[in-house]
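Step one of this worksheet: look at the structure below.
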Amino acid sequence: MPQTLTARGPVQDDVLIVGAGLAGLFLALQLAPRPCTVISPAPLGQAASSAWAQGGLAAALHPKDSPAQHAADTVAAGAGLVDPIIARLIAEEGPARVRDLIALGVPFDRTPDGALALSLEAAHSHPRVARVAGDLAGKAIMDALVAAVHAAPHIQIIEGVRATGLLQDETRRVAGVILRDHDGTLSTRTARETVLCTGGSGGLFQVTTNPPEARGDAVAMAWEAGALIADLEFVQFHPTAIDIGRDPAPLATEALRGEGATLHNRDGTAFMASYHELAELAPRDEVARAVHTERMSGRGAFLDCRKAVGAHFPEHFPTVFAACKSAGIDPRTDMIPIAPAAHYHMGGIVPDFWGLSTLDGLSVCGECTSTGVHGANRLASNSLLEAVVFSHRIAERLRDAKLSDPGSAEGHVPAALPHAALQTLRKAMSEKCGVVRNEAGMTEVLNLILELRDQYGPARAITTSRLIVTSALNRKESRGGHYRSDYPDTGEPHRQFILKDTHTEEPIPA
């Protein structure tokens, strides 16, 4: 049974930031001098997906590029569901946020004349991805932010605890969070404003590039509290995870294909041109389905970087090189075995233009949100961009805002899903609600989810998985990252917004 905790007395925090990835740390720094507290489940920088981002940060930084063109590429990649206003907003604010990161010490790659070195990635019409040492952008950005946060006097850091529930007062205003430490001890933390920056949900799938803790907890917590949620069926599967049996799977960055690497099956045949006119530079969902089809047919799928990168691999793409070498693969002379992996969740908690959810006292930022900018298929390297743009906007709204104290509050925390049951769920999600889906398979997953809920209660992983599968069943078409073999055609564009029915506690259309 879920545990109920109550919180009374003086409010502990002014602004409470849950999550210590790019969105959370950049927000904390941008709030200065307003005091804030950052909750991190591990030492800063060690549990965030942001640190694993290889490609970089997309922004219209080249003189021949423009925010209008970047926004147009974003809309085109999103398969009819991108909000063009949000696409224009992040494209226009992107260059300034890159300059903010440079000011914080992020060592973006430079050309010999000192300009930013910009990479071309799939579905971009212009090279616009700022990177670090080829594939170390996420780590370099996080290293710079962690150093700046440790030096900032207005930021308090609480490490070793994870948010497991939202506190709400009698008006349903969010009043903080319930925390669980490594020993399982629960405690409350109250705040005038709570900001969820907790990442995605890839850990709900057996094959993922995400940290295993990224299981969509924020979506489950916010939905249970009554927040508006959208587009949960749209999970992006990265087409080139390195298939060496690791959990999570190492990633072979899309920048490799931007450099000219090609996809082949086991007998050496290049296959992408037979699936899409843009071949290796087709949108991610197209490439992921092609890789999935080749693997399911028994032909296998491999990334060939031998000509495109060759001897330069160790210095140009050190992260990918190290992952390959650790498995006995030398990408200078061998093709890299690949598989699609759950990589990024386009759906999530709905915010307004300033990062405010539909619940008072709750802001949201980063991958746990559905801002409308990614649509059905996120454009490569727009995730870090979205995180810094919305972090900055939340900070602009809160920095000088007059925030009132919430009233006495309470929250509920379900039991965690046991490890064996979680692995059963992850396997079913990958097999039946993955790159290619159909009603029969997803109904099997949904029945499993309901059985697990009856056995273990409404664990966060069960709730978010159920919302993903229900949304995927309800979308009877194929669009972007959501491909149904029983409904292969694309219908009229529509987003799916859902709420919790307060009487039945079931998901309902909003």
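Side chains of Asp135 and Thr253: a donor-acceptor N/O pair is absent below 3.5 angstrom, by distance only. Side chain to side chain, Arg397 and Ser363 meet the donor-acceptor criterion of an N or O pair below 3.5 Å. Side-chain contact of Arg131 with Ser119: a donor-acceptor pair under 3.5 Å is present, judged by distance alone. In this model, a donor atom of one side chain and an acceptor atom of the other lie less than 3.5 Å apart for Gln69 and Ser125. Side-chain contact annotation: Thr111 with Asp113, donor-acceptor N/O pair under 3.5 Å present. Under the 3.5 Å distance criterion, with hydrogens and angles disregarded, no donor-acceptor pair is assigned to the side chains of His238 and Thr209. Residues Gln236 and Asp285 have side chains that never bring a donor and an acceptor to within less than 3.5 angstrom of each other.
Using a 4.5 Å cut-off on side-chain heavy atoms (C-beta onward), His316 and Glu259 make no contact.
Each of Asp14, Asp13, Asp400 was checked for a salt bridge (charged side-chain N to carboxylate O under 4.0 Å, His left out) with Arg34, and the lone residue meeting it is Asp14.
Environment of NE2 in His150: crowded, with over 12 heavy atoms of neighbouring residues, nucleotides or ligands closer than 6.0 Å.
Remark: Pro41 engages Ala47, Arg162 in a side-chain contact (heavy atoms from CB on, under 4.5 Å) (not counting sequence neighbours).
Taken to the nearest 0.5 Å, the CD atom of Gln496 stands 9.0 Å off from the CG atom of Leu232. Distance check, rounded to the nearest 0.5 Å: OG1 of Thr37 to CD1 of Ile158 gives 5.5 Å. Rounding to the nearest 0.5 angstrom, the gap separating the OG1 atom in Thr371 from the CD1 atom in Ile90 is 7.0 Å.
Without hydrogens or angle criteria, His392 side chain to Ala387 main chain gives no donor-acceptor distance under 3.5 Å. Of the possible polar contacts, one joining the Ser391 side chain to the Ala23 backbone as a donor-acceptor pair under 3.5 Å is found. Using modelled atom types, no side-chain atom of Asn382 and backbone atom of His374 make a donor-acceptor pair closer than 3.5 Å. With hydrogens and angles ignored, the 3.5 Å screen pairs no side-chain donor or acceptor of Ser370 with any backbone N or O of Gly347. Proximity of a side-chain donor or acceptor of Asn377 to a complementary backbone N or O of Gly480 within less than 3.5 Å is not detected.
Ring planes of His62 and His126: tilted class, angle from 30 to 60°.
The ring of Phe237 has its center closer than 6.0 angstrom to the ring center of Phe205.
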